Peer 1: 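Please see the structure below; I have some questions.
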2 protein chains.
Amino acid sequence: MGEKRQLTRRGRERRDKLLSYATARFAENGFHPTSVSEIVNGVGVGKGVFYWYFESKDQLLMEILRESLRDLRQTQAAAMAAHDDPLQQLEAGIRASIAWSAANTDITRLVLFGWSETAFAEVLRRGRDIVVADTARLIDEAIDQGQILEGDAVMMALAIRAVIDQLAREYAVGDGEVGEAMVDTTVRMCLDGVRGTAGAS
Amino acid sequence: MGEKRQLTRRGRERRDKLLSYATARFAENGFHPTSVSEIVNGVGVGKGVFYWYFESKDQLLMEILRESLRDLRQTQAAAMAAHDDPLQQLEAGIRASIAWSAANTDITRLVLFGWSETAFAEVLRRGRDIVVADTARLIDEAIDQGQILEGDAVMMALAIRAVIDQLAREYAVGDGEVGEAMVDTTVRMCLDGVRGTAGAS
DNA sequence: GGGTGCCTTGACCGGGCGGTCAAGAGAGCC
DNA sequence: GGCTCTCTTGACCGCCCGGTCAAGGCACCC
């Protein structure tokens, strides 16, 4: 567990190969239905190799999820950093998140699965809270500057993430195409939803 | 398959018992990790009983999902029917959906899982499209009456569903409490997001 | 009584699962 | 060559899985 192993270059490559092959299989077939034997056969190695690099099948999935969320966060943060105005940062972050999902459909499917089993849901919750906190910080700034009506920033950030996740699901599960227009509408809804309106009711 | 069997009253009760026990176990332990033996032992019957009422474990889950979505739709439709104004109907539908999710947390978890495997995702997609269509019809009405800016009603309905699902996940997976305020904020974001604003950007 | 479904049992099946491990290969360093 | 440490192999383990089925009980009809 705690002990770290020193991997050689060859070792790191093997590990990566197992990881990416497993991700693809899990996404296509489901986590439980995909056996460890199937993975090692697919990569063309003996079974022991798997257990040399990973503690267990469960741990492998957790690793995939953890690394993915880290990657998503970096992508989002980088996009946000490219602007000054909070609302522009917000929009850039949203668009970057959507693009990331579009480019990582199989991970999106794994995430969907992950939320349904407690052990994995914990990992996801931790990771998502960080991403949401990044967004919430921005919303708070926007509130300070009067660009947004008062409100619970974390909750708003959560709602935005929800909409993004929905679009991601459309990419990952959908048969239909996801067009530019759909992305634009989604982004608009997020921003409008956060800004609030003066309308009645 | 196609052939229907005539169940006696006792038969229907047994079936319901299996169904609800399985739902609880699936939600708590996950679908794949829960074995058929575990289910029949829990209910206190022989294994054959399971296969008398259900074709397979997979079919059982599909049945659970199908019935749940049907139930959700009815709940939402009933709530909507209680008002006249489209926007009020919309809000009532949203609130009813949220309440339904809060009352059916274990099904919410099963739905989460279902989206991650193709066979189940198909069932969910079909069911969800119906629920979304109900909402979209309302949004179209609201657009006609000028209460909402022009836009793709289906997409807006989808976004609303996304936000509701997110809150549902909060109920189902969350450790934290989901307060009144959280529900209100969610509803407001949905309505504001749909109505649009005149703001810049 | 006999007959006709509906229902129930639980031993049984073939198979595949996640995971282990003794044995050894290869690379790099002395 | 010898030593060390990373890495690889694949047969093997015990287990339990989803699903089958011959047999028999039970309820209600004639």
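Every value quoted in this text rests on a predicted model; they were computed, and no experiment measured them. By convention in this document, chain letters (A, B, ...) are assigned in the order of the sequence lines, proteins followed by strands, and residues within each chain are numbered from 1.
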Peer 1: Where the side chain of B:Trp52 is defined as all heavy atoms beyond and including C-beta, which of D:dC7, C:dT9, C:dT8 is the nearest nucleotide?
Peer 2: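 Per side-chain heavy atoms of B:Trp52, the pick is C:dT8.
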
Peer 1: Phosphate oxygens OP1/OP2 of D:dC7: is one of them under 4.0 Å from a side-chain N or O of A:Arg15?
Peer 2: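 Checking A:Arg15 against D:dC7: no side-chain N or O falls below 4.0 Å of OP1 or OP2.
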
Peer 1: Looking at A:Arg10, does any N or O in its side chain come under 4.0 Å of the phosphate oxygens OP1/OP2 on D:dT8?
Peer 2: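 Answer yes for this pair, as a side-chain N or O of A:Arg10 is under 4.0 Å from OP1 or OP2.
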
Peer 1: Using salt bridge (charged side-chain N to carboxylate O under 4.0 Å, His left out), reason through B:Asp184 and B:Arg95 one step at a time and then give a plain yes or no.
Peer 2: CA-CA 9 Å; B:Asp184 287 339; B:Arg95 288 197 183 274; 3.1 Å; yes

Peer 1: Nucleotide by nucleotide, 5' to 3', does protein get under 4.0 Å of the base (B), only the sugar-phosphate (S), or neither (-) in nucleotides 17-24 of chain D, counting heavy atoms?
Peer 2: SBBBB---

Peer 1: Tell me whether the rings of A:His32 and A:Phe113 are parallel (<30°), tilted (30 to 60°) or perpendicular (>60°).
Peer 2: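 Ring orientation, 0 to 90° scale: perpendicular.
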
Peer 1: Using atom CG of A:Asp16 as one end and atom P of D:dC7 as the other, report the distance to the nearest whole Å.
Peer 2: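 Distance, rounded to whole Å: 12 Å.
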
Peer 1: Just one of A:Val154, A:Asp152, A:Ile148 clears the side chain to side chain contact (heavy atoms under 4.5 Å, CB included) bar with A:Ile139, so which one?
Peer 2: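 For A:Ile139, the side chain to side chain contact (heavy atoms under 4.5 Å, CB included) test succeeds with only one of A:Val154, A:Asp152, A:Ile148, which is A:Ile148.
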
Peer 1: Whole-Å distance between C:dT8 P and B:Asn41 CG?
Peer 2: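 So the CG-P distance, B:Asn41 to C:dT8, works out to 16 Å.
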
Peer 1: How far apart are the C-alpha atoms of A:Arg73 and A:Gln76, what are their side-chain angles, what is the distance that settles it, and do they pass the side chain to side chain donor-acceptor pair (under 3.5 Å) test?
Peer 2: CA-CA 5 Å; A:Arg73 187 201 183 185; A:Gln76 192 190 257; over 6 Å; no

Peer 1: Can we say B:Asp140 and B:Arg137 salt-bridge, meaning some charged N sits less than 4.0 Å from an Asp/Glu carboxylate O?
Peer 2: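 A salt bridge is absent here (no side-chain N lies under 4.0 Å from a carboxylate O).
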
Peer 1: In whole Å, I'd like the distance from the CD atom of A:Glu13 to the P atom of D:dC7.
Peer 2: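 Taking atom P of D:dC7 as the reference, CD of A:Glu13 is at 11 Å.
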
Peer 1: In whole Å, I'd like the distance from the CZ atom of A:Arg25 to the P atom of C:dG18.
Peer 2: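 Interatomic distance, CZ of A:Arg25 to P of C:dG18: 13 Å.
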
Peer 1: Any chance you could lay out the side chain to side chain contact (heavy atoms under 4.5 Å, CB included) test for A:Tyr171 and A:Asn104, step after step, and finish with the verdict?
Peer 2: CA-CA 9 Å; A:Tyr171 280 116; A:Asn104 296 277; over 6 Å; no

